[in-house]
Amino acid sequence: MTPTVCDVTSTVGRAGSRSHWSGEKAMSAAREAALVLAARVDWDGDAGEDWVSLLVRGVPVLMISAKVPLAVSLEGSCWEPVGIEVVSVPSFEAPLLRCEFAVLSEVLGDGRAALALDADRFSANDLWFATV
């Protein structure tokens, strides 16, 4: 059976419509999540990375945007943030997400990043790499 593609347009759009978000807030949320998930935080904000990653034994389990209050989490995570839109995925590698191109462009703030994705079918890792 082929896994179903999940349309995340409304979730991404809600995250993009919220204001007052920053890399510092993303990092604060990541520190809280790291305690819950027993994860290591990986982010180089000085290098312009748009996502704060949380790793367990070197494997990504959560990524939080530094631009908008949006996170991508592995399904089954016990992290329950307040004020952050969360997309749950069974795998960071599987291309199971879709989002309207216009929403991706607006929220990512960079049309080139949106162009790097197949808006009809992309993975969490694809999203991360498109915005690095």
Write down the atom of [X], the atom of [Y], and the distance for their closest heavy-atom approach.
X: Asp118; Y: Phe122; result: O-CD2, 3.4 Å
X: Leu74; Y: Pro60; result: CD1-O, 3.8 Å
X: Val41; Y: Val52; result: CG1-CG1, 3.7 Å
X: Val107; Y: Val68; result: CG1-CG2, 3.7 Å
X: Pro90; Y: Leu96; result: CG-CD1, 3.5 Å
X: Ala66; Y: Ala26; result: CA-CB, 3.9 Å

Under 3.5 Å, side chain of [X] to main-chain N/O of [Y], donor-acceptor pair present?
X: Arg98; Y: Ala119; result: no
X: Trp79; Y: Ala30; result: no
X: Ser77; Y: Ser73; result: no
X: Thr9; Y: Glu100; result: yes
X: Trp43; Y: Glu49; result: yes
X: Ser17; Y: Arg14; result: yes

Does some side-chain heavy atom of [Y] sit less than 4.5 Å from a side-chain heavy atom of [X]?
X: Met63; Y: Phe92; answer: yes
X: Trp51; Y: Leu127; answer: yes
X: Val61; Y: Leu55; answer: no

Fill in: Side-chain donor-acceptor contact under 3.5 Å, Asn125 with Ser123
no
Fill in: Counterpart residues, side chain to side chain donor-acceptor pair (under 3.5 Å), relative to Ser22 (two or more places apart)
Glu24
Item to complete: With sequence neighbours excluded, tell me which residues meet side chain to side chain donor-acceptor pair (under 3.5 Å) with Ser88.
Response: none
Item to complete: Carefully, step by step, assess Ile84 and Leu70 under the rule side chain to side chain contact (heavy atoms under 4.5 Å, CB included).
Response: CA-CA 5 Å; Ile84 300 173; Leu70 177 68; 5.6 Å; no
Discussion item. Apply side chain to side chain contact (heavy atoms under 4.5 Å, CB included) to residues Val87 and Leu97 and explain how you reach the verdict.
Written reply: CA-CA 9 Å; Val87 173; Leu97 303 174; 3.8 Å; yes
Worksheet entry | Hydrophobic cluster membership, Met27 vs Leu54, 4.5 Å side-chain cutoff | yes
Worksheet item: With the 4.5 Å side-chain cut-off for hydrophobic clustering, are Val56 and Val72 part of the same group?
Response: yes
Worksheet item: Taking everything shown except Glu75 itself, do over 12 heavy atoms lie less than 6.0 Å from its CD?
Response: yes
Discussion item. Quick test of your reading: applying salt bridge (charged side-chain N to carboxylate O under 4.0 Å, His left out), list the pairs with at least one residue in residues 38-47, sequence neighbours left out, ordered by first then second residue.
Written reply: none
Fill in: Option passing side chain to side chain contact (heavy atoms under 4.5 Å, CB included) with Pro81 (candidates Val36, Ile64, Val86)
Val86
